[in-house]
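Here is the structure we will look at, set down as structure tokens.
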Amino acid sequence: MSHKAVVVGAGIAGLVAAAALSLAEPALRIVVLDRDELPEGPENRRGVPQGQHAHLLMAGGLSALESLFPVSVRDRLLDAGAHEIALGNGMLARTPDSGWLRRWRRSGPHMIACTRALLDWVVRQALLDSCPNVSIHQATVEGLLGDAGRVHGVRISGADERLGSAVEADLVIDASGRGSGSLKWLAGIGITGVEERRLDSGLTNATRIYRTPAGAESFPLTVVQANPYDGRPGRSAMVLPIEGNRWMVSAGGTRGGEPPQDPEGFLRYTLDLPHPIVGQLIAGAEPLTDVVVSRGRSTSNARRYFERSARWPERFIVLGDALATFNPAYGQGMSVAALGAQVLARELRRTGLAAPGLSRRVLHGAARHVDTAWATAVGMDVLYPGVVGGQPGFADRVAARYARRLTRAATGSFDAAAALWDVTSLRAAPTRVLHPRALLAALTGPPLPHIPEPPLRPAEREILDRLRKGLEPSPASGPLR
């Protein structure tokens, strides 16, 4: 008897879910459905609303991704021009109010930097190349087949004749992202009352692509982080090396501190941050695109507590952004999706497809990874003025006070920095920051002195000096102030 699974969504969450199914159940026929017509190469598409802005694949997510595919996605990404960046010494990071992080001899975790379009394309091709039991089709899911006890497929529209208007399946996974219809689909089979929470800092992202200046090909990722502690809107920017010898420059501002879309305003915004390094770097770089702005619901934190639902149908699982979405400034969404897919593979191999309670177990396991990312994203976003969906309580303020102390310690303590990297990279639970060495560093402060300026190497200093000459006034234009 042939068994079939349906995965709704062909973004990162859907692709890694399909890979997990193929890994755990090699004989399973896996049908991936997406409402978009997928591009033939690494191109942006409508179904990824933040696709043109900065994306990072954190170490925890990269490790999970590598475990799910029989081929190395990491190697394929690097071959396609993506950059592997060491948190310990491959980036320049200005903390909210404590100066610059040091660049240590030890590299720490690594993350992948590239466009979201390239990441989607490489993962999709890796899936199709290595998993012959997977097929991808364009279709819109309209609802679930089955009842409150068990789901056995999906109703669809817009599909080709081979699929018809319904697809029967032994397992259905919703990985369709922020626009998921799970709540409506569940209501259609009699399950309602799912607990939800949404918290929105009003983040607006503005991004422009530049050609990497000659000689700056190895310049480190550079970020000026937003400050959630001073009662003002959060404002940040980063220079992210991406494929094609380009820089992706993204500026972000929470409600009241939004970056502008016009090129001169975009440059001024980056120069007016607590440190002007991002603006100084791009002043002498050649822009390749206009400034693209995204705002609204695509940057909010939203969580559906499916794992708490009193009733849940067998054979239906929700993963990725359909389960929880995060402010993209923290770079966690793709990694949480990969870690959730890893839970799926583990549970399938442990108990098999037909085991009662499989869906519940996967939901609970995936929710634990959501907890880690949610604590980071919401714990910071709730502090910004004008946030919608909640106000900081006592516990939030205590956690924020500790996070602030630990970040300050991380500017001069490797133990504190390592704890932060492990949590933000999703390699460890939030309790990692309470391990004795990290706790001691937070309590005693950094043993090394404050760094007021970015820790540049001599060659990097020469590059910055050369690029910021673009700010020098021409006789016709006058100074840029």
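The structure presented is a predicted model; accordingly, all values stated were derived computationally and were not measured.
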Take Met111 and Leu221 through the side-chain contact (heavy atoms from CB on, under 4.5 Å) test and state the conclusion after the steps. CA-CA 11 Å; Met111 58 186 176; Leu221 183 155; 4.0 Å; yes
Output, in order, the C-alpha distance, side-chain angles, deciding distance and verdict of side-chain contact (heavy atoms from CB on, under 4.5 Å) for Arg232 and Asn227. CA-CA 8 Å; Arg232 293 182 289 183; Asn227 189 345; 5.9 Å; no
If you apply the rule side-chain contact (heavy atoms from CB on, under 4.5 Å), what do you find for Ile209 with Ile242, and how did you get there? CA-CA 9 Å; Ile209 306 296; Ile242 60 172; 4.0 Å; yes
Under the side-chain contact (heavy atoms from CB on, under 4.5 Å) criterion, do Asp230 and Asp97 qualify, and how do the steps go? CA-CA 9 Å; Asp230 63 2; Asp97 62 354; over 6 Å; no
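Here the CH2 atom belonging to Trp421 is positioned 8.0 Å from the CG atom belonging to Leu101, to the nearest 0.5 angstrom. From Ile451, atom CD1 reaches atom OG of Ser98 across 12.0 Å, with rounding to the nearest 0.5 Å. With rounding to the nearest 0.5 Å, the separation of CG in Leu406 from OG1 in Thr95 is 11.5 Å. The CD atom of Glu84 sits 10.0 Å away from atom CG of Leu57, with the distance rounded to the nearest 0.5 Å. Summarising the geometry, atom CD1 belonging to Ile12 is positioned 4.5 Å from atom CG belonging to Asp120; distances are rounded to the nearest 0.5 Å. Atom CG of Leu62 sits about 11.0 Å away from atom CZ of Arg427, to the nearest 0.5 Å.
Formation of a donor-acceptor pair under 3.5 Å by the Arg102 side chain with backbone atoms of Thr411 is found in this model. For the pair Thr140 (side chain) and Arg35 (backbone), a donor-acceptor distance under 3.5 Å is absent. In this structure a side-chain-to-backbone donor-acceptor pair under 3.5 Å is missing from Asp174 to Val318. With hydrogens and angles disregarded, no donor-acceptor distance shorter than 3.5 Å links the side chain of Thr270 to the backbone of Val278. Listed for the Tyr330 side chain is no donor-acceptor partner under 3.5 Å among the backbone atoms of Met380. Side chain of Arg308 to backbone of Val194: no donor-acceptor contact under 3.5 angstrom is found. Under the 3.5 Å distance criterion, the side-chain polar atoms of Thr407 are matched with a main-chain donor or acceptor of Ala403. At least one donor-acceptor pair closer than 3.5 Å links the side chain of Glu258 to the backbone N or O of Gly256. Of the possible donor and acceptor atoms, none in the side chain of Asp422 sits under 3.5 Å from a partner among the backbone N and O of Ala419. Arg211 places no side-chain N or O within donor-acceptor distance of the main-chain N or O of Ala285, the cut-off being under 3.5 Å.
Across every non-hydrogen atom of His55 and Met334, the tightest pair is CB-CE, 3.9 Å. The minimum heavy-atom distance between Ser180 and Ala322, with the atom names listed, is CB-CB, 3.6 Å. In terms of heavy-atom proximity, Ser182 sits nearest to Phe306 at CB-CZ, 3.9 Å. Here the shortest heavy-atom pairing between Tyr384 and Pro233 reads CD2-C, 4.4 Å. The nearest pair of heavy atoms linking Pro259 to Ala251 is CG-O, 3.7 Å. The two residues Ser300 and Arg178 come nearest to each other via the heavy atoms O-NH1, 3.0 Å.
Here the side chains of Ser294 and His53 are in contact, with some heavy-atom distance below 4.5 Å. Here the side chains of Pro42 and Glu243 are not in contact, with every heavy-atom distance at 4.5 Å or above. Residues Glu196 and Leu183 form a side-chain contact, since some pair of their non-hydrogen atoms from C-beta on lies under 4.5 Å apart. Between Asn327 and Ser201 there is a side-chain heavy-atom pair separated by less than 4.5 Å. A heavy-atom distance below 4.5 Å is not found between the side chains of Thr299 and Thr204. Using a 4.5 Å heavy-atom cutoff, the side chains of Met248 and Gln52 are not in contact. With a 4.5 Å cut-off on side-chain heavy atoms, Asp262 and Val291 do not count as touching. Using a 4.5 Å heavy-atom threshold, the side chains of Val370 and Phe326 count as touching.
Side-chain contact check for Ser413 and Asp415: no donor-acceptor pair (N or O, by modelled atom type) lies under 3.5 Å.
The number of heavy atoms from other shown groups lying within 6.0 Å of CZ (Arg466) is above 12. The environment of Arg45 atom CZ is dense: over 12 non-hydrogen atoms of other residues, nucleotides or ligands sit within 6.0 angstrom. Counting heavy-atom neighbours within 6.0 Å of Arg461 CZ, excluding the residue itself, gives a total above 12.
A cation-pi arrangement is found for Arg235 relative to Tyr269, the charged atom lying closer than 6.0 Å to the ring centre and inside a 45° cone about the ring normal. By the 6.0 Å and 45° rule, Arg106 stacks over the aromatic ring of Phe414.
A salt bridge does not link Asp34 with Arg124: every distance from a Lys NZ or Arg NE/NH1/NH2 to an Asp or Glu carboxylate oxygen is 4.0 Å or more. We find that Arg303 and Asp371 are joined by a salt bridge, their nearest charged nitrogen and carboxylate oxygen being less than 4.0 Å apart. Electrostatic pairing of Arg268 and Glu264 counts as a salt bridge here, judged by a charged N lying under 4.0 Å from a carboxylate O.
Phe219 pairs in a side chain to side chain contact (heavy atoms under 4.5 Å, CB included) with only one of the listed residues (Leu92, Leu467, Thr212, Val239), which is Leu92.
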